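Quick notes on the structure that follows.
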Amino acid sequence: MRRVAISQRENFKERVEELGFDFHTIEGYPYWDETAYYEFNLAEIEDDIEGPTEDLADLCLKFVDKAVNSEEIMARLAIPRPSWDLVRQSWKQRDPTLYGRFDFAYDGKGPAKLLEYNADTPTSLYECAVFQWVWLEDNLAAGKLPKGTDQYNSVHEKLIAQFQSMGKHRLLHLACFDDSVEDEGTVAYIADCAQQAGHATQIMAVHDIGLSPQNVFVDMQERPVEWMFKLYPWEWMFTDEFGTSPAMSRTTFLEPPWKAVLSNKAMLVYLWEMDPGNPNLLPAYFDDDPRKSELGGRFARKPIYSREGANVLLVDGSDVVGRSEGDYGEEGYIRQALVQLPEFEGKYPVVGSWVIGENIACGMGMREDIGLITTDESRFLPHVISG
Amino acid sequence: MPQDYTTTKPRAHFGTRGVEAKPGSAAAAQAKRHPAAATRDDGDGKRSMIMTLVAVGAGAFGVWAFFNSGTTKSAHGKIYASVDQCIAGGVLSRAECMARWKDAQALHEQKAVRYSSQAECEKVHGEGRCGPVQSSRTTVGVFFIPRMTGYVMGRLRNGSYQAAPLFQNKADGNNRYRMTAVPKPVSDGRGGRMSPFVRVSSKAARTRGAPRARASSTRRNGFGRSASRRGGAFSSGG
């Protein structure tokens, strides 16, 4: 694994326009960075990323089954009790899942270590599935990458296939906040995949979801919303006014309610408990568990619910090596063994490994930051598999 | 976007379908049976109705009153099936009619329901009522949406207009429309936002004597509150 400098494509600006990649720069900060790429060999991808991703996905499914049958675990996961039945029913029915993204610390030298699992509203999908692929093709065509160079990336095809497996010619509603360019871009891309799978799509704003007097969700044309993709987290849905309506169990959601069991960091504690010593897992405990002393003085303290690296504290002995602000933490914290993110040219990369469906590993996106906590100011870089 | 889809002139088959509802016709009878439906007589005797009322704003929903401003110089609530009709209406200038069509068309393309094939789209909206849009997000992607078949004007406090795009379903007759989306409010130049597409209290509607829209008891804004309670960092993603 190494980081290689490369020049930006000459047709970069045109590509961005053509592909509608409006969020290549976010609030003035460059987000997509093609002045360098990460290079891996095939063994690193297959043995250290792809294989472990599928194994961990299976372990997560085992955990979901355990959790929905345990009131103690459901309470620890901070899922509100009124929503427990919705979550249980969703798992019993085995509601289909579209995707998730595992974040790993990996340096090419040892096993990848799971930092967290974005199981509900993972981002960076479009840049991974499409934009970095186009980058690869453009650079191959221009001879800037050697012939035979590949990329760990079949996300686009797998997304479409997953939508095909969910039925024929259905109407999919997609909801997000209508004032986030990034969220709208992600949703538009997912709608695109659903269309290519033969479905009709209707994009709408989260706050426009209506509840009819018959307790059915409806859109702005009063059409029933039977199947909805939401770029809006379960922990917020549960506490919203409509989150406990009878309409909830009449709607099929992507991601399904059972994913809420996996979309919080408390599950890291349980994975370690279920499979201690797993080389791809980091020891983790609840912050109020005395066993946390086993981590010694080297740990990352993270809120059970948080986004984009907020409210994280990294401690190494007597040094605080990282700290981020935010508004999260009221549901409690976990402590995870501190892992040193590898450094490449002053940058700290994190591997985002994509799972489509329950356990199909099919792609990867690299993000890096100048600090040790990956925040929303991180950059996305392309990668290749050397031929 | 394919050239023939973005057009300011109605295509031939729309023109012939835009038959005026003469008094005593089915459309006029329909309007009589449902006096609470939002109707607009745009002066040619044609009564057009917006089937689905898109309500914006906090609180209870569904009542949208079209004000009869009392003068012929307001296009508020007027439905035009084309730029030409808007111009013929004599309220907005040619440039404004064209600009509002362009804005409404852009909003329509963004917000309309999307189908993966012309056939699927026409099943819902009727033959000839669908057109392709090029998806820009992948290297291979065309989807189909119902054509914008008109726009409805909303007059802002400062006298200018916003327009909302309209489309139709198969079962909708010539003069029945559905609204694709409501345009976002615009700045009033004083740090505030204004929109003509807001809920009007039923009291105000009665006092102004305008025809009242059929009320819907659908509640909205039941999702999204938890996010704003967080303040701080915004994107829903992780």
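Protein chains get the first letters and strands the later ones, always in sequence-line order, with residue 1 at the start of each. This one's a predicted model, so the numbers in the text were calculated from it and none came from an experiment.
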| field | Residue among P213(A), A175(A), S245(A), C176(A) with most heavy-atom pairs under 4.5 Å to chain B | value | P213(A)

| Does the Q202(A) side chain pair with the main chain of K111(B), one donor and one acceptor, at a distance under 3.5 Å? | yes

| request: Report the C-alpha separation of R220(B) and E222(A) in whole Å, then their side-chain angles, then the decisive distance to 0.1 Å, and conclude whether the salt bridge (Lys or Arg N to Asp or Glu O under 4.0 Å) test is met. | output: CA-CA 11 Å; R220(B) 294 200 199 262; E222(A) 306 284 329; 3.0 Å; yes

| Relative to chain B, which of V206(A), L172(A), L211(A) shows the most heavy atom pairs under 4.5 Å? | L211(A)

| Can you tell me how far CZ of R114(B) sits from CD1 of I203(A), rounded to the nearest 0.5 angstrom? | 4.5 Å

| Approximate separation, where rounding is to 0.5 Å, of D208(A) CG and T218(B) OG1 | 12.0 Å

| Is the backbone N or O of G224(B) less than 3.5 Å from a side-chain atom of Y232(A), with the two atoms forming a donor-acceptor pair by type? | yes

| message | Could you walk me through whether F223(B) and F217(A) satisfy the ring-ring contact (aromatic ring centres under 6.0 Å, His included) test, starting with their C-alpha distance in whole Å, then the side-chain angles of each, then the deciding distance to 0.1 Å, before giving a yes or no? | response | CA-CA 11 Å; F223(B) 289 123; F217(A) 289 130; 5.4 Å; yes

| said: Return the NE2 to OH distance between H199(A) and Y115(B), rounded to the nearest 0.5 Å. | reply: 14.0 Å

| request: State whether the side chain of Q221(A) and the backbone N or O of M179(B) hold a donor-acceptor pair below 3.5 Å, judged by distance alone. | output: yes

| query | Checking heavy atoms, do the side chain of L171(A), its backbone, both or neither come under 4.5 Å from chain B? | reply | side chain

| said: Would the distance check show the side chain of E120(B) and the main-chain N or O of H169(A) forming a donor-acceptor pair, the cut-off being under 3.5 Å? | reply: no

| task | Please round to the nearest 0.5 Å and tell me the distance separating atom OG of S116(B) and atom CG of D192(A). | result | 11.0 Å

| remark: Cut-off 4.5 Å, heavy atoms of chain B, and the answer for D120(A) is neither

